Amino acid sequence: MNYIPHDADDVRSMLKTIGVDSVDALFEGLPPEARLAREMKLPPALTEPELRARFASLAAETRTDVVSFLGAGCYEHFIPAAVDAISSRGEFLTAYTPYQPEASQGSLQAFFEFQTLIARLTGCEVSNASLYDGATALAEAVLMARHATGRENVVISAGLHPEYRAVVETYLRNVAPEIRTLAHDAGRIGAEALKEALAGEPAAVVVQSPDFFGVVHHWEPLVKSARDAGALLIAVADPISLGLLKRPGELGADIVVGEGQPLGIPRSFGGPGFGFLATRMDLVRRMPGRLVGEALDRHGRKGYVLTLQAREQHIRRERATSNICTNHALLALRATIYLSLMGPKGLRSVAELCLAKAHYAAERLAAIPGVRLRFKDAPFFCEFAVELLKDAAKVRAGAIAQGIDPGVDLGRFDPALSRTLLVAVTECRTKAEIDRLADVLRKEVAS
Amino acid sequence: MNYIPHDADDVRSMLKTIGVDSVDALFEGLPPEARLAREMKLPPALTEPELRARFASLAAETRTDVVSFLGAGCYEHFIPAAVDAISSRGEFLTAYTPYQPEASQGSLQAFFEFQTLIARLTGCEVSNASLYDGATALAEAVLMARHATGRENVVISAGLHPEYRAVVETYLRNVAPEIRTLAHDAGRIGAEALKEALAGEPAAVVVQSPDFFGVVHHWEPLVKSARDAGALLIAVADPISLGLLKRPGELGADIVVGEGQPLGIPRSFGGPGFGFLATRMDLVRRMPGRLVGEALDRHGRKGYVLTLQAREQHIRRERATSNICTNHALLALRATIYLSLMGPKGLRSVAELCLAKAHYAAERLAAIPGVRLRFKDAPFFCEFAVELLKDAAKVRAGAIAQGIDPGVDLGRFDPALSRTLLVAVTECRTKAEIDRLADVLRKEVAS
Amino acid sequence: MSEPTIFELSRPGRRGVEMPACDVPSRPAAQLLPAGLIAEAPPALPEVAERDVVMHFTRLSRANFSVDTHFYPLGSCTMKYNPKVNEAIAALAGFAEAHPYAADLAPGLVEALAELSEALCEITGMAVVSLQPAAGAHGELASLLVARAYFASRGEKRKIALVPDSAHGTNPASCALAGLEVQTVKSGANGLLSLRDLERHLSGDVAVMMITNPNTLGLFEKEIAEIARELHEAGALLYLDGANMNAILGVARPGDFGADLMHLNLHKTFGTPHGGGGPGAGPIAVTAALAPFLPAPVFSRDASGEAFLDFNRPQSIGRVRTFYGNVGILIRAAAYIRALGPRGLRDVARYAVLNANYLRARLAEKYPAAMAGACMHEFVATGEPFAAHGVKTLDIAKRLIDYGIHPPTIYFPLIVHEALMVEPTETESKETLDRFVEVMLKIADEAEKSPELLKSAPNTTEFSHFDEVAAARKPRLTWQPPAAG
Amino acid sequence: MSEPTIFELSRPGRRGVEMPACDVPSRPAAQLLPAGLIAEAPPALPEVAERDVVMHFTRLSRANFSVDTHFYPLGSCTMKYNPKVNEAIAALAGFAEAHPYAADLAPGLVEALAELSEALCEITGMAVVSLQPAAGAHGELASLLVARAYFASRGEKRKIALVPDSAHGTNPASCALAGLEVQTVKSGANGLLSLRDLERHLSGDVAVMMITNPNTLGLFEKEIAEIARELHEAGALLYLDGANMNAILGVARPGDFGADLMHLNLHKTFGTPHGGGGPGAGPIAVTAALAPFLPAPVFSRDASGEAFLDFNRPQSIGRVRTFYGNVGILIRAAAYIRALGPRGLRDVARYAVLNANYLRARLAEKYPAAMAGACMHEFVATGEPFAAHGVKTLDIAKRLIDYGIHPPTIYFPLIVHEALMVEPTETESKETLDRFVEVMLKIADEAEKSPELLKSAPNTTEFSHFDEVAAARKPRLTWQPPAAG
Ligand SMILES: Cc1ncc(COP(=O)(O)O)c(C=O)c1O
Ligand SMILES: Cc1ncc(COP(=O)(O)O)c(C=O)c1O
């Protein structure tokens with residue numbers, strides 16, 4: 001297949017119009033040494049039936065039959081059928097950035113609604129129209145905070161997802177500030193540790209809640225300490241948890257970021273999801289990414305346009321607030337549809353189901369000899385870490401053989417955690433599945 | 001779930017407007033004895049996640065892993081992805097019969113294109129906009145022929161799909177004409193048998209080609225004999241075969257009908273597909289079903305409308321050409337997209353692949369001891385019958401256990417055929433699968 | 001910009017989807033088939049690229065009004081919202097890829113269809129269901145044939161079918177197809193059938209009376225039980241056209257008010273999409289006495305409760321179609337029934353009736369209902385008051401298009417002058433209904449003050465005022481290349 | 001009829017999708033979490049029915065221009081047809097439902113991504129690929145960080161990045177983000193970089209030069225190999241912005257003409273849909289010397305040829321995002337590459353260039369190209385000739401909307417006055433191009449004869465001429481309920 005409609009007659013007549021003899025002639029400007037003299041070494045073309053067969057067989061290798069308790073930043077939540085049905089419409093799928101508002105009102109209004117939804121979800125005044133993922137959103141937020149405060153350093157809580165931390169470190173590598181870790185104590189953030197961490201005039205304090213280990217933190221003391229220290233508080237939040245938990249923006253967090261994948265987006269091996277970033281209006285001109293705003297047309301009718309573009313790379317170039325151009329619009333649309341379908345009650349009930357099922361699972365697992373909760377007394381949302389008497393990788397392999405993927409082996413992040421499993425339980429897991437998880441773990445830990 | 005948006009306030013204010021106290025009051029006109037005093041005994045409501053889980057588990061019971069050589073009127077052909085992508089668009093999916101042309105040009109033009117495609121595919125002058133399935137299309141064609149000729153009786157070839165014959169018999173039950181069978185000889189239609197069958201002043205001669213056993217017949221002698229006998233020739237054709245074989249309409253068949261399922265429609269356990277019916281312009285006012293025609297609007301612009309509606313039940317009532325109202329529009333749309341995507345070359349290559357693979361399979365199977373072709377010398381398209389030394393049902397069960405569904409056990413239609421399998425081989429079957437079929441059959445017949 | 005036909009987009013040699021090379025040892029087609037069978041050239045299909053096809057049909061779709069994009073109160077058609085989840089369910093490989101002759105490999109599907117059959121029995125109050133018919137009209141035909149087989153089995157030769165003058169056109173047409181002679185029964189001034197009218201037609205020749213209930217005026221036939229009794233006493237059967245079941249789901253059951261046989265339109269009552277004209281599904285439900293005559297096979301259960309296809313029905317009328325029914329549609333309806341449950345289904349009726357009465361009440365002043373009093377799920381108004389301004393119901397319908405609303409059914413039932421048949425369905429919100437009222441009242445105002453706005457409508461669409469008479473006089477039913485000039 | 005926001009459709013208590021009851025023994029949330037964590041009320045999301053949601057967003061979609069519905073010659077963006085089969089492939093459960101930390105359970109997916117990495121190496125002529133970056137700009141940043149890590153490993157402190165004045169805005173912005181100081185290099189009068197200009201900027205402080213090739217004027221940088229040589233001699237690296245790879249697929253490879261590192265925009269060159277702004281995917285490809293510094297993990301193969309995720313890259317710059325990349329997009333691109341094969345990909349370049357030159361030639365008289373001679377996959381014209389009539393490029397763009405064509409990119413690159421950047425792509429047919437030419441010439445005529453038609457355009461859309469200045473001055477970025485009146 002090649003999706004090229006031309007026939008020989010077309011080509012002939014087009015070449016004649018152009019005034020050259022051959023298509024090759026159009027490439028004559030390329031210096032010979034730059035040209036590839038051979039055919040690329042790639043597998044030959046496939047027809048649509050062959051292509052589908054090839055990829056169907058690759059996809060069939062995935063063990064979709066295994067019941068998964070994996071989370072750690074990528075979650076299985078229920079996706080209503082209407083999300084796919086609408087977001088796959090060609091007019092949304094095959095448009096690009098809505099630079100021409102008259103030809104893009106559909107996307108623009110949807111993104112405006114997205115911004116409003118994210119603002120309401122996070123308790124903030126304003127949200128942009130999406131970033132790549134939660135981790136890059138955090139990195140952008142840290143950069144924002146550095147500019148806003150004129151300070152250099154950053155405090156990051158020990159409960160931050162290690163890949164988020166890695167991304168922030170990559171983004172900050174060449175400005176090389178001090179990154180201090182805010183230590184946790186038995187999963188929680190203590191006043192003492194906080195005070196210590198804030199000593200270095202940080203631009204921002206980054207706290208994730210529910211954090212990587214599932215632990216939920218209180219925003220109020222964090223906000224207060226950050227404010228007292230002249231730093232911005234950057235909250236990293238799971239959007240599903242915000243159906244139930246207090247909204248960090250309302251409690252004074254300066255910037256709220258997170259990963260949008262849980263909002264109606266399939267896991268897809270980790271991407272694409274989207275990053276959201278919400279903040280106060282007084283920081284809006286420092287925000288990265290696209291913003292859609294209301295505008296009146298010549299008849300005074302209210303519509304939507306891309307606005308505050310002076311922040312962006314295509315106008316401001318090296319002085320832009322960020323380099324982002326292509327964003328994650330289609331995923332933001334999915335989240336918009338998802339949140340509209342769920343509504344406040346639906347989202348709350350998803351959150352409550354996650355909470356209840358995770359707690360049931362934690363109780364079941366904690367009752368198994370050789371299994372204990374890593375942070376026995378810390379509150380958690382839909383995810384928790386358990387310490388095993390055995391190597392987590394082995395236990396996981398044994399469980400998979402019985403059709404259960406019991407959790408993420410945290411040894412992949414830290415050898416010291418090689419006996420720890422991070423177990424996520426969303427509304428998609430049934431009691432029967434959780435009971436099976438408990439049975440399988442009991443067997444594997446005992447064996 | 002119930003998809004009802006009303007809240008208590010809405011209901012209250014609506015009742016007030018209506019001037020009644022309760023919704024129950026609106027049902028007061030129903031005599032008490034007609035009312036159901038209890039709740040229906042149905043399983044309780046399910047939420048969307050529960051619903052999906054329930055039906056996913058029912059669907060998962062289907063053995064989609066078994067490689068299928070079943071056809072007999074319902075075929076696995078490749079369906080390009082664009083067919084689903086377009087036909088699922090809400091504007092096509094959730095509209096109804098285009099009675100209001102100004103609000104339905106999309107459907108109307110698509111059906112006009114469908115009619116043109118079917119006319120060209122069958123070699124006829126005109127096609128309607130779809131009927132329910134191939135068998136009802138045939139029954140309607142027989143009724144058309146009876147009206148057109150003023151004759152009663154019908155000749156049906158022995159090679160007609162038994163379910164098509166059953167449907168014609170059902171439709172004709174109460175007009176009780178004579179239905180004569182045109183006998184086949186070793187799969188073929190002989191001149192002698194034809195002459196004999198045509199003796200009774202039939203209104204129509206019905207011949208399927210490729211027929212139920214896969215055998216392809218020559219239309220010319222059939223057309224000639226029917227014409228000589230004053231009967232109409234009704235051809236029942238597989239639309240895929242018309243990518244390669246001569247078009248019966250061009251050879252003089254008076255009506256061409258068939259099942260449209262092979263044209264981009266999933267098998268879905270046998271429905272919905274669609275029936276097509278094409279004929280000569282001079283019979284158009286006797287046609288059943290909807291017809292779309294070009295029309296000029298007040299500005300002289302060419303658009304499309306439902307036309308010749310005076311044939312239909314909503315105008316003509318008991319004198320209508322048919323009782324059909326709801327037709328199989330969405331499937332006709334799928335076929336329109338399918339045929340547009342395939343084009344003449346694509347459709348021909350599908351047909352050629354079917355032909356080649358079926359012949360390869362027939363050769364492989366015929367070489368197995370204990371297996372022989374039922375009609376050794378008759379030409380066939382993509383399907384053929386094999387006679388086994390063993391009971392076909394048993395052989396089939398044994399093959400299924402090895403992942404191959406080898407064909408339809410014809411014993412289900414006729415106990416005399418309980419050792420015959422009808423094997424269909426479409427472009428979807430690979431050489432490896434056909435070879436496995438041969439290996440498995442060899443083993444099963446020997447065991 | 002009107003969209004050219006797909007044929008006008010064709011260019012010789014252009015390819016859409018291509019097929020793989022042949023992977024079996026093979027000879028050319030001409031060597032596999034005898035001479036004379038193969039066409040010289042394949043059929044003259046358009047030669048277009050996939051890109052052309054996608055753009056063409058996507059653009060065409062945008063020229064449609066539909067439930068997903070517009071309010072669509074088309075009377076008698078129950079244009080309710082079609083849940084997207086049911087599309088996803090019907091597309092599951094285990095359903096969409098099942099072969100009808102491999103029921104043994106699809107036990108879950110057989111179970112689903114058996115459960116659907118049982119649910120439809122409970123919903124209708126009937127004994128046995130056949131899922132075969134592809135649509136309402138097809139169900140009518142199948143039922144009438146069942147009735148005839150029933151009488152034949154009793155040695156009776158009844159040949160008359162009574163059909164009310166308000167009936168849908170498919171009713172008389174199906175009678176004719178079933179070889180029955182149609183006698184039309186007049187509705188009373190109140191839009192209802194009355195025992196007295198009926199008695200005039202009753203005789204030992206009457207096989208069946210077809211009654212739509214609620215009827216096409218949106219009224220419940222109050223005397224239905226008495227009518228059933230009289231029919232039964234005369235040895236005739238009561239056929240219930242179930243097109244309007246949306247009004248009485250869970251509230252009243254045809255089996256309980258005397259119906260012997262009936263069809264359902266799953267594409268109306270049970271939320272399956274109308275597909276631009278179809279497919280639907282028209283299962284029929286009958287009493288135990290008529291069950292032996294149903295088309296075979298029937299989805300049933302064996303002694304152990306296992307679902308199976310029962311082919312062993314010696315008195316069956318035979319088949320009315322190939323295979324078992326429009327399974328893709330049946331599955332959607334089965335999912336719909338499971339989603340709503342008994343109370344949700346009952347609420348469908350309650351809110352459908354509430355919505356219709358609300359519209360009726362709010363429009364009554366300008367668009368008087370043909371019949372007084374409460375209606376069921378729909379009502380028939382008349383456009384007659386506007387005749388004084390030279391305005392017809394057709395003009396009102398066309399004007400609605402300008403306001404982005406699909407017109408109601410018009411000129412049906414035939415017994416109402418300038419009929420405007422409005423069925424809002426239960427899935428529409430009060431806001432949607434209020435907007436419809438607002439628009440209808442505005443149109444009424446326009447009709448009085450500037451009728452030319454209506455006579456010229458629609459004014460916002462690409463086309464307007466087709467010359468349908470000319471189109472039918474010289475039908476052009478296929479695309480023809482322009483004559484070489 | 002403008003569509004209200006989803007918030008305006010909200011009614012208290014209305015429900016869309018509901019969740020099942022809890023099936024585990026459970027206590028209320030307040031007993032599972034300590035006091036002070038739970039919000040009193042859930043966030044103020046809209047309360048709407050599924051029917052409202054489907055209608056609302058379906059209607060919104062219809063207000064967009066898109067590739068599926070319109071010709072969309074948006075320069076620099078490669079708005080080619082996005083094959084539907086790739087959507088179906090990406091949606092396969094084995095891809096869509098794979099968890100990133102269960103790579104062991106998705107070997108086919110790992111294989112597909114390894115094959116994609118290898119194919120991109122062969123296409124670019126580079127040694128190793130990282131699939132992590134989410135878009136072009138992200139790839140630029142990642143690459144620049146790789147370059148910096150490379151220099152750091154050699155103890156070099158180079159801090160300058162050279163960026164042509166014709167570069168896309170992301171180039172300088174990415175430099176800034178990577179802590180590099182941007183120096184702008186002027187393009188020559190012929191739109192090309194010249195060695196001489198470059199030499200003026202070269203020094204031991206230059207870390208990298210970012211070059212788009214073909215450049216944003218649609219011209220191939222003829223001296224690219226010499227430029228690379230000089231950069232290398234000065235110890236600097238050549239970064240290739242691969243946004244325009246569509247022009248040279250299979251014809252020329254950055255690795256062969258001296259690039260050290262580069263990004264690809266899979267959402268441009270490899271046919272993945274643009275999603276209304278994204279997501280894309282911006283893999284980067286580097287030479288062997290730079291490979292140790294790539295973000296980890298990298299898709300690789302072990303000795304036995306088995307694909308695996310290689311995390312063991314001690315010199316890596318670390319991660320630029322979570323997990324492995326935009327896999328949903330990567331899979332589509334992998335399928336696209338497999339579908340086309342080496343010749344098909346080469347044809348992409350050939351026909352993309354043919355189409356662009358055809359438009360360039362046909363439009364030249366009225367819309368002179370900024371630079372003379374043949375172009376590659378796009379060309380930049382100028383709207384300057386119309387200045388005499390008071391018409392700007394913006395007006396031409398808006399007028400195209402009236403003719404159902406998405407405007408080209410305008411006012412970019414910055415070095416061309418009144419720039420109009422036209423990229424037809426290879427998937428558009430001659431007929432589509434001819435219609436575009438026809439419309440453009442008609443607009444030129446209008447510009448001369450009735451410029452007000454352009455100044456007032458678009459005239460066929462719901463909205464026209466937004467006051468963007470006012471919108472930015474007092475931004476309203478979220479929907480606010482109307483103040484109680
Ligand atoms: C009252 C009534 N009866 C019968 C039918 C026929 O149903 P179908 O169109 O499904 O054949 C209809 C359909 O419009 C109807 O409204
Ligand atoms: C030349 C050029 N470079 C870089 C980019 C940035 O790519 P992306 O939008 O994928 O971040 C673009 C995209 O528009 C571009 O055209």
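Predicted, not measured: the structure shown is a model, and the values here were computed from it.
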Contact class of [X] relative to chain B, heavy atoms under 4.5 angstrom:
{"X": "C:Tyr358", "value": "both"}
{"X": "C:Tyr72", "value": "side chain"}
{"X": "C:Glu111", "value": "side chain"}
{"X": "C:Tyr81", "value": "side chain"}
{"X": "C:Arg338", "value": "both"}
{"X": "C:Asp347", "value": "both"}
{"X": "C:Arg360", "value": "side chain"}
{"X": "C:His406", "value": "side chain"}
{"X": "C:Ile89", "value": "side chain"}
{"X": "C:Cys175", "value": "neither"}
{"X": "C:His267", "value": "side chain"}
{"X": "C:Asp104", "value": "side chain"}
{"X": "C:Ala470", "value": "neither"}

Taking [X] first and then [Y], would you say they form a salt bridge - that is, a charged N and a carboxylate O separated by under 4.0 Å?
{"X": "B:Lys357", "Y": "C:Asp23", "value": "yes"}
{"X": "B:Lys345", "Y": "C:Glu47", "value": "yes"}
{"X": "C:Arg62", "Y": "B:Glu91", "value": "no"}
{"X": "B:Glu102", "Y": "C:Lys398", "value": "yes"}
{"X": "B:Lys41", "Y": "C:Glu122", "value": "no"}

Taking [options] one by one, which has the highest count of heavy-atom pairs under 4.5 Å against chain C?
{"options": "B:Asp10, B:Thr64, B:Leu70, B:Val305", "value": "B:Leu70"}
{"options": "B:Glu76, B:Gln115, B:Glu220", "value": "B:Gln115"}
{"options": "B:Arg54, B:His299, B:Arg290", "value": "B:Arg54"}
{"options": "B:Glu352, B:His6, B:Glu48", "value": "B:His6"}
{"options": "B:Tyr360, B:Tyr96, B:Tyr164", "value": "B:Tyr96"}

Determine whether the aromatic ring centres of residues C:Phe412 and B:His314 are separated by less than 6.0 angstrom.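 No; C:Phe412 has its ring centre 6.0 Å or more from that of B:His314.
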Taking every non-hydrogen atom, the tightest pair across [X] and [Y]:
{"X": "C:Ala137", "Y": "B:Ile324", "result": "CB-CA, 4.4 Å"}
{"X": "B:Phe55", "Y": "C:Ala112", "result": "CE2-CB, 4.5 Å"}
{"X": "C:Gly250", "Y": "B:Met40", "result": "CA-CE, 3.5 Å"}
{"X": "C:Val85", "Y": "B:Arg52", "result": "CG2-CG, 3.6 Å"}

Residues C:Arg321 and B:Thr136: side-chain donor-acceptor under 3.5 angstrom: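 There is no such pair between these side chains.
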Is it the case that B:Ser107 and C:Asn64 place a side-chain donor and acceptor less than 3.5 Å from each other?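 Yes, C:Asn64 and B:Ser107 have a side-chain donor paired with an acceptor closer than 3.5 Å.
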Quick check on side chain to side chain contact (heavy atoms under 4.5 Å, CB included): which of B:Asn2, B:Leu51, B:Leu46 does C:Leu340 satisfy it with?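 Only match with C:Leu340 under side chain to side chain contact (heavy atoms under 4.5 Å, CB included): B:Asn2.
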Might you work through the side chain to side chain contact (heavy atoms under 4.5 Å, CB included) test for B:Cys325 and C:His168, ending with a clear yes or no? CA-CA 10 Å; B:Cys325 177; C:His168 192 266; 3.9 Å; yes
Aromatic rings B:His161 and C:Phe323: how do their planes relate, parallel, tilted or perpendicular, breaks at 30° and 60°?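 Rings of B:His161 and C:Phe323: perpendicular, as their planes differ by over 60°.
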